[in-house]
Number of protein chains: 2
Amino acid sequence: MFSKATEYALRATIYIARKSSEENKLGIEEIAKAINSPKSFTAKILQKLTANNGIISSVRGPGGGFYLSSKAQKRPVRDILHVMEEDGVLGKCVLGLKKCSEAMPCPMHAEYKGIKQQLIQLFEHTTIQQLAHDADKIIPLNKPARH
Amino acid sequence: MFSKATEYALRATIYIARKSSEENKLGIEEIAKAINSPKSFTAKILQKLTANNGIISSVRGPGGGFYLSSKAQKRPVRDILHVMEEDGVLGKCVLGLKKCSEAMPCPMHAEYKGIKQQLIQLFEHTTIQQLAHDADKIIPLNKPARH
DNA sequence: ATAATTAAGGACAAAAATATCCTTTATTTT
DNA sequence: AAAATAAAGGATATTTTTGTCCTTAATTAT
Ligand code: FES
Ligand code: FES
């Protein structure tokens, strides 16, 4: 459904959401290893998500790394797709018409539009926090000990 | 959702289904023009769909071209996706895990699996003929006159 | 038989997506 | 101030997808 880049973006953001805090930032090495993605490529993606007060926060230098503010945690997953310029995927026509619309529908449109709406709703209503929480329930992660 | 190649495959097949018959075959020139796709690239795709008694039938030489047998018309759209090796898209994990499964679900899985099932059902239950018929209802096509 | 037509198929080109490497900048620790 | 650490950013490489062009093979019409 999504590009590799977007998949990495989603996995990385969820991982950061689960394991980081402002006091406990994560390095790119750990993140890439944890989500099983190429390190440098993932770094570029995190740059994108970090740019101009984006979804992810970052600090350079020793003790630095990536983390999610509690405000960012509450943002919908669709914001990640938007930054990755893939939120358009959800609105696209199955047959590749310029625009998926009622005005100029393709023969799949009538049957597809309902599914499309569900997809949009899913990504709009689900927050990063919810995914992180769900992931914790599925496979608990050893959170770093407070010092 | 799908690659350009698959979009062209779907559009071309539907167009052929609407306008062709064994007595009235269509040339690649007309098809590419009608579905607004690059001619040579589309030719390659039709080759794929034609290979070893595939979905589309073809005949070379004067009066030749592409057409759909009435048997092929009744095949599900998913068969096109299968030939294009994109039927896997429907089963893929949203976050890009190797396998989307109950055994090792990602945090989107619970919410996504229902939508995924609908997508699979849609492509499995919809036939090429149905799409062609629906398309005719939306935008009637001037069918070639019998001679 | 020869010429004309049309798809099949191979070779190649361009563009986009994915991935790596190296240098620079910001920050902290010594 | 100097050294160390970690992200930011630029340049480049690789792979995949998309697209073009030209030759070959099959079929029909002359
Ligand atoms: S127009 Fe094709 S899916 Fe809506
Ligand atoms: S495991 Fe990710 S969608 Fe099913």
Side-chain angles (χ1 to χ4, degrees), chain A residues 1-13 15-16 20 22-33 35-68 81 83-86 88-89 96, chain B residues 1-13 15-16 20 22-33 35-68 83-86 88-89 96 147:
Chain A
M1 164 132 49
F2 299 118
S3 65
K4 295 258 182 204
T6 297
E7 289 174 357
Y8 299 154
L10 292 167
R11 297 219 297 272
T13 305
Y15 182 75
I16 294 169
S20 84
E22 188 150 5
E23 308 83 52
N24 215 310
K25 309 185 191 76
L26 306 178
I28 182 64
E29 192 100 36
E30 173 186 350
I31 296 166
K33 208 160 278 173
I35 68 169
N36 188 30
S37 69
K39 194 179 76 172
S40 293
F41 190 47
T42 307
K44 291 267 186 265
I45 292 163
L46 293 189
Q47 267 178 49
K48 245 185 169 173
L49 292 165
T50 306
N52 39 267
N53 265 313
I55 294 157
I56 298 174
S57 307
S58 74
V59 174
R60 298 193 224 189
F66 300 92
Y67 68 97
L68 249 81
L81 303 182
V83 171
M84 299 308 291
E85 293 161 291
E86 284 224 73
V89 175
Chain B
M1 165 132 49
F2 299 119
S3 65
K4 294 261 181 202
T6 297
E7 288 174 358
Y8 298 153
L10 292 167
R11 298 219 296 271
T13 306
Y15 182 75
I16 295 168
S20 84
E22 188 150 5
E23 307 83 52
N24 215 310
K25 309 187 192 74
L26 307 178
I28 183 64
E29 192 99 36
E30 173 185 350
I31 295 166
K33 208 160 278 172
I35 68 168
N36 188 31
S37 68
K39 192 178 77 172
S40 293
F41 190 46
T42 307
K44 292 264 186 264
I45 292 162
L46 292 190
Q47 267 177 50
K48 244 185 172 175
L49 292 165
T50 306
N52 39 266
N53 265 312
I55 294 157
I56 298 174
S57 308
S58 74
V59 174
R60 299 193 223 188
F66 299 92
Y67 68 97
L68 249 81
V83 172
M84 299 307 291
E85 292 161 292
E86 285 224 70
V89 175
H147 49 79

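Below, all heavy atoms of this structure are taken into account, side chains as well, without hydrogens, waters or symmetry copies. Throughout, a chain's letter reflects where its sequence line sits, starting with A, and its residues are numbered from 1.
When distances run from any side-chain atom of B/Pro38 to the nucleotides D/dA4, D/dG19, C/dT18, the shortest one goes to D/dG19. Relative to the side chain of B/Ile28, the nucleotides D/dA8, C/dC21, C/dA7 differ in distance, and C/dA7 lies closest. Side-chain proximity of B/Pro62 to the nucleotides D/dT28, C/dT28, C/dA19 is greatest for D/dT28. In the set C/dT18, C/dT5, D/dT18, the nucleotide with an atom closest to the side chain of B/Ala5 is D/dT18.
For A/Phe41 and C/dA16, the CZ to C1' distance is 11 Å, given to the nearest whole Å. Between the C1' atom of D/dA6 and the OH atom of A/Tyr67 lies a distance of 15 Å, rounded to the nearest Å. Atom CD1 of A/Ile35 and atom P of C/dT18 are 14 Å apart (whole Å). Whole-Å rounding puts the B/Lys25 NZ to C/dT6 P distance at 11 Å. One can place CD1 of B/Ile45 at 11 Å from P of D/dT20, the figure rounded to the nearest angstrom. B/Lys44 has its NZ atom 13 Å from the P atom of C/dC12, to the nearest Å. Between A/Lys48 atom NZ and C/dA19 atom P there is a gap of 14 Å when expressed in whole angstrom units. Taking atom CD1 of residue A/Ile31 and atom C1' of nucleotide D/dA8, one finds them 14 Å apart after rounding to whole Å.
Pairing each heavy atom of B/Leu46 with each of B/Ala12, the nearest pair is CD2-CB, 3.9 Å. Considering all non-hydrogen atoms of both residues, A/Thr13 and A/Leu49 come closest at OG1-CD1, 3.7 Å. Considering every non-hydrogen atom in both A/Leu68 and A/Ile55, the closest pair reads CG-O, 4.0 Å. Residues B/Thr50 and B/Ser57 approach most closely at CG2-C, 4.4 Å, considering heavy atoms.
Between A/Ser58 and D/dA6, a side-chain N or O to OP1/OP2 separation shorter than 4.0 Å is absent. Checking the phosphate oxygens (OP1, OP2) of C/dT18, no side-chain nitrogen or oxygen of A/Tyr8 falls inside 4.0 Å.
Residue B/Gly63 is the one, among A/Phe2 and B/Gly63, whose nearest nucleotide of DNA chain C lies closer to the 5' end (criterion: closest heavy atom).
Counting non-hydrogen atoms under 4.0 angstrom, A/Leu46 reaches nothing in the nucleic acid.
With contacts defined as side-chain heavy-atom distances shorter than 4.5 Å, the pair A/Ser3/A/Met84 does not qualify.
Between the side chain of B/Arg60 and the base of C/dA8, no donor-acceptor pair under 3.5 Å is found.
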